[in-house]
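Only this structure's heavy atoms are used, side chains among them; waters, hydrogens and symmetry mates stay out.
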Amino acid sequence: MILDRRRFMQLAGVGTAAAVGLQVPTLGASLAAAEVNPGDTFSLGVASGDPLPNGVVLWTRLAPDPLALDGHGGMAEEPVKVRWEVSKDESFRHAVRRGVELADPESGHAVHAEVSGLAPGRDYYYRFIANGETSPVGRTRTAPPRGAKLDKLTFAFASCQSWAGGRYAAYRAMAEEDLDLVVHLGDYVYERSDTTTLTDFRLLHALYKTSPDLRAAHAAFPFVVVFDDHDVDNDWAGDVSQDNEPVESFLARRAAAFRAYYEHLPLRRAQLPVGPDMRIHRRVTYGRLVEFNVLDTRQYRDDQVGKGFPSGPRDPRTLDPARTLTGDAQEGWLLDGLQSSKSRWNVIAQQTMMAQLDYDPGPAQSINSDQWDGYVPARDRILAALGKGGPANPVVLSGDWHSSFVNDLKRDFVDPASETVATEFVGTSISSGCGWRGAVEAALSANPHIRFFNGTYRGYVRCNVTPDSWRSDYRVVSSAADPTGPAATLTAWRVLNGRPGAQPVDGLTVTGVQVPVLEAGRPGAVTVSLTNQTRKNVDVEVRVIVPSRWAATGAKVSLAPGESTSVQAPVTPPGPQPSTADLDVRVLAAGTEVFGPPLTQQAVAVPASDSAVVSLDAGAATGPVQPGFTLLSPADTWSAEKGYGWVGSPLPGSRDRSGPDDLRRDFTLGRGPATTLRLAVPAGPHRAWLLTGDASFDAANTIVRIDGQVVAQSGPIPAGDFVWIEVPLDGGTDGQPVDLQLTGDQGDGYWRLVALSMTQ
Ligand SMILES: [Fe+2]
């Protein structure tokens with residue numbers, strides 16, 4: 001079993017290969033511990049989707065061993081009859097519909113039951129029965145009657161759930177909402193360059209479904225899903241892969257990816273892929289209140305032109321009217337549908353950002369050519385159709401860019417005075433990181449139609465729609481990896497019927513809390529970023545609650561209407577020894593706690609710099625280094641001159657989680673036989689302080705031995721937390737080298753070294 005899991009890690013390592021590397025080892029441990037029950041036929045959960053007034057599609061996939069390496073989920077090569085039941089009540093005393101579907105091995109024993117004959121606008125419960133087992137109970141809700149005058153629709157939209165980014169605080173929070181529907185805009189899974197076959201993609205989907213929080217969200221609400229690039233290949237376009245592999249081989253990969261996507265999601269038979277083709281653009285209608293036009297902006301697009309990540313100079317070909325993002329047929333379908341719609345709100349639910357985002361604050365233009373900016377005439381054709389005389393109240397929903405935006409969509413983005421034709425809400429990611437946050441922040445002044453931006457927080461957007469107004473609440477979590485943390489509203493925006501363009505809902509928004517690496521015994525500060533979205537002056541108080549021996553003084557500031565500012569709240573860690581502490585940041589407006597993200601953050605204090613003999617920031621050779629520290633990369637073998645370095649073999653590896661700061665983001669690690677780090681210890685007793693932990697994953701127990709004797713260990717550490725471990729060192733009478741032997745146990749078995757400081 002253990003060998004199997006290791007092999008599986010290789011298959012299913014996640015994220016872009018270059019950025020993240022092999023990380024799934026952690027998964028083996030956490031899976032074995034709790035996330036799925038071995039032998040449970042319904043280990044991947046249940047789901048429903050694409051509501052109609054008279055029915056929904058119900059989904060499950062039989063997989064008693066979901067990560068079995070052959071991709072068969074532990075099922076034999078034979079079809080299985082699966083019964084399903086739909087009831088008005090959770091106890092199934094009043095089952096209103098029953099049926100049987102055949103789960104066959106060719107489709108991975110996936111089940112898609114299209115149920116009809118239900119009443120409109122109602123909650124129903126459903127379950128499956130197979131192999132003598134009954135599935136968990138799911139809840140779903142049908143759409144209201146066609147043409148009905150609906151007074152309210154509440155739904156959420158989400159995207160981008162990289163496994164490596166931390167699972168899945170946002171889904172746990174979402175599952176607690178009361179929603180009619182969830183719209184998922186893609187990047188449901190993240191492929192790797194070696195995810196190529198149907199088996200590979202099945203294992204990837206099964207891996208993601210081992211998250212109980214993802215399963216809970218599916219079991220709570222019907223989903224309308226559409227893929228984006230990572231569901232197949234980063235930045236793919238039509239039949240062109242990112243790396244321009246031969247078309248035939250890419251189409252085979254696309255076919256495998258589509259099939260696994262279909263097998264794991266509640267899609268109707270109309271979306272069943274045929275080879276490398278899958279018709280996924282479609283409409284979902286809620287009475288006369290909301291119509292969703294769900295777009296596919298990958299399968300029919302022309303290939304990207306020019307350098308585009310995160311931005312590059314505009315290539316003139318991006319202005320070529322012959323190039324398309326949607327394909328001509330889908331564009332015609334969209335424009336026809338918008339023109340004939342009778343809905344009060346007309347939604348275009350799609351992937352990449354539609355608003356222009358010029359990354360160059362100067363006169364030149366720098367764009368991301370993967371987004372609508374790379375297909376300007378195609379965008380202009382749609383925006384023209386949305387303008388005067390077009391459908392009522394167009395709203396665009398977007399994902400892909402792992403950050404929150406509220407945008408006014410302009411007829412001419414270069415002219416701020418031009419007509420605002422629609423509002424675009426770009427939802428942040430469920431878990432995927434936003435390495436380009438700084439690039440966007442630096443560009444905001446050149447993009448006045450961007451009314452709000454935040455790249456710090458992960459989450460989803462909750463939308464409350466009535467005939468008179470649309471309200472989007474950006475629901476965020478403090479850590480994607482901490483499923484126990486609460487969610488809060490980062491910011492809320494409203495669109496009024498007949499008035500395109502978003503208006504902030506009154507409130508004080510906390511857009512960021514940053515706790516820098518602190519120094520023991522020295523004053524530092526927590527930075528809290530605030531925006532006053534009210535029409536009044538607001539007096540704000542920031543309080544930092546610290547543990548004993550830490551000191552903190554609050555800060556006060558007064559914000560004018562519309563003003564954004566950053567407040568520094570002083571904190572001083574105890575000295576001179578290093579420490580960590582959870583800081584609880586409270587923001588009060590006129591004495592009352594305001595809405596904002598959950599604000600508990602861990603602070604790390606490094607040893608006072610004047611007490612440190614040497615301070616090493618462990619990590620990749622190319623990674624950023626904490627000021628005052630010296631890089632310790634896997635390539636730093638022992639040198640008496642430097643006074644530190646790795647000895648013998650194995651040498652360590654490194655990982656980079658791209659946050660939260662230069663010290664904590666990257667680290668060295670190893671597994672199996674001990675890795676030896678040699679330190680030149682000056683005469684007399686000294687101490688080594690080793691910082692261990694992992695921003696994204698649960699960390700195993702890191703153990704330090706000297707001469708084979710355990711001298712310190714960290715114990716397992718939850719994702720996002722860091723711990724200092726103290727190692728006594730003896731420099732003898734003249735100073736001498738001391739070898740620290742590093743091993744890991746429990747969890748994924750990796751020792752991790754984030755930083756090391758030697759003090760007297
Ligand atoms: Fe993404």
Side-chain angles (χ1 to χ4, degrees), residues 47-53 56-57 120-124 138-146 148-161 170-186 188 214 216-226 265-267 282-295 341 343-351 393-399 404 406 422-430 459-476 487 489-490 492-495 497 502 505:
S48 70
D50 281 31
L52 289 172
V56 292
V57 56
R122 281 194 73 130
D123 279 0
Y124 287 99
R139 184 183 61 188
T140 191
R141 194 171 289 174
T142 50
R146 276 203 197 288
K149 283 197 170 159
L150 193 60
D151 40 323
K152 180 161 97 55
L153 176 74
T154 304
F155 75 98
F157 71 94
S159 63
C160 298
Q161 53 200 48
Y171 274 126
R172 189 203 44 73
M174 184 195 283
E176 290 167 9
E177 305 262 14
D178 181 12
L179 304 172
D180 295 297
L181 177 74
V182 175
V183 178
H184 194 286
L185 299 174
Y188 192 93
L214 176 59
H218 274 298
F221 317 111
F223 273 51
V224 168
V225 301
V226 63
L265 287 162
L267 287 159
R282 61 203 191 278
R283 279 189 191 97
V284 179
T285 307
Y286 276 74
R288 288 182 92 138
L289 187 63
V290 183
E291 183 157 84
F292 295 92
N293 297 272
V294 180
L295 297 195
S341 167
S343 283
R344 175 63 62 96
W345 299 91
N346 287 280
V347 178
I348 302 178
Q350 51 94 52
Q351 292 76 45
N393 299 311
V395 173
V396 175
L397 306 180
S398 313
S404 304
V406 178
T423 305
E424 178 179 34
F425 297 112
V426 184
T428 185
S429 56
I430 289 284
Y460 57 93
V461 181
R462 183 184 67 209
C463 303
N464 289 279
V465 191
T466 72
D468 299 327
S469 73
W470 173 303
R471 175 177 167 149
S472 289
D473 281 72
Y474 285 69
R475 303 283 293 164
V476 298
T489 294
L490 171 64
W493 291 75
R494 182 176 285 133
V495 184
N497 173 36
V505 173

Exercise. Take D178 and T154 through the test side chain to side chain contact (heavy atoms under 4.5 Å, CB included) and record every step on the way to the result.
Key: CA-CA 8 Å; D178 181 12; T154 304; over 6 Å; no
Practice problem: Decide side chain to side chain contact (heavy atoms under 4.5 Å, CB included) for R282 and D50; before the verdict, give the C-alpha distance in whole Å, the side-chain angles of both, and the deciding distance to 0.1 Å. | Solution: CA-CA 10 Å; R282 61 203 191 278; D50 281 31; 2.6 Å; yes
Exercise. Run the numbers on T489 and R475 for side chain to side chain contact (heavy atoms under 4.5 Å, CB included), then give the verdict.
Key: CA-CA 5 Å; T489 294; R475 303 283 293 164; 3.0 Å; yes
Exercise. Show your working on side chain to side chain contact (heavy atoms under 4.5 Å, CB included) between W493 and V461 and close with a plain yes or no.
Key: CA-CA 11 Å; W493 291 75; V461 181; over 6 Å; no
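Across every non-hydrogen atom of A158 and I430, the tightest pair is CB-CD1, 3.8 Å. Shown here for A173 and A487, the closest heavy-atom pair between the two residues is CB-CB, 3.5 Å. In terms of heavy-atom proximity, T142 sits nearest to P53 at CB-O, 3.9 Å. Nearest heavy-atom pair, A502 versus V495, reported as atom, atom and distance to 0.1 Å: CA-CG2, 4.2 Å. Here the closest non-hydrogen pair linking V426 and G399 is CG1-O, 3.9 Å. Between P144 and P120 the shortest heavy-atom distance is C-CB, 3.8 Å.
Between atom OH of residue Y286 and atom CG of residue L150 there is a gap of 9.5 Å, rounded to the nearest 0.5 Å. Within the model, atoms CG of D180 and CZ of R141 stand 4.5 Å from one another, a figure rounded to the nearest 0.5 Å. Rounding to the nearest 0.5 Å places CG of N346 at 6.5 Å from CD of E291. Note that OG1 of T140 and CZ of R122 are 13.0 Å apart. Values are rounded to the nearest 0.5 Å. Here S343 contributes atom OG and N293 contributes atom CG; the two are 9.0 Å apart, rounded to the nearest 0.5 Å. The structure places CG of L289 at 11.0 Å from NZ of K152, a figure rounded to the nearest 0.5 Å.
Counting only heavy atoms from C-beta outward, the side chains of F157 and H184 never approach each other to under 4.5 Å. Here the side chains of V225 and L267 are in contact, with some heavy-atom distance below 4.5 Å. With contacts defined as side-chain heavy-atom distances shorter than 4.5 Å, the pair Y460/Y171 does not qualify. Looking at heavy atoms from C-beta onward, V347 lies out of side-chain contact with F425 at the 4.5 angstrom threshold. Contact of the L181 side chain with the P51 side chain is registered, since non-hydrogen atoms from C-beta on lie closer than 4.5 Å. At a threshold of 4.5 Å between non-hydrogen side-chain atoms, the residues R344 and T466 do not count as touching. Considering only heavy atoms from C-beta on, Q351 stays 4.5 Å or farther from S398 through its side chain.
No more than 12 heavy atoms of other residues, nucleotides or ligands sit less than 6.0 Å from atom CZ of R146.
For D473, the salt bridge (charged side-chain N to carboxylate O under 4.0 Å, His left out) partners are R462, R471, not counting sequence neighbours. With sequence neighbours excluded, no residue forms a salt bridge (charged side-chain N to carboxylate O under 4.0 Å, His left out) with R288. Scanning for ring pair (Phe, Tyr, Trp, His ring centres under 6.0 Å) contacts around Y474 gives an empty result, with sequence neighbours left out.
Side-chain atoms of S429 and Q161 form no donor-acceptor pair, as typed in the model, at a separation below 3.5 Å. Looking only at atom types and distance, the side chain of N393 has a donor-acceptor partner in the side chain of N497 under 3.5 Å away.
Just one of W345, W470, F223 meets the ring pair (Phe, Tyr, Trp, His ring centres under 6.0 Å) condition when paired with F155; it is W470.
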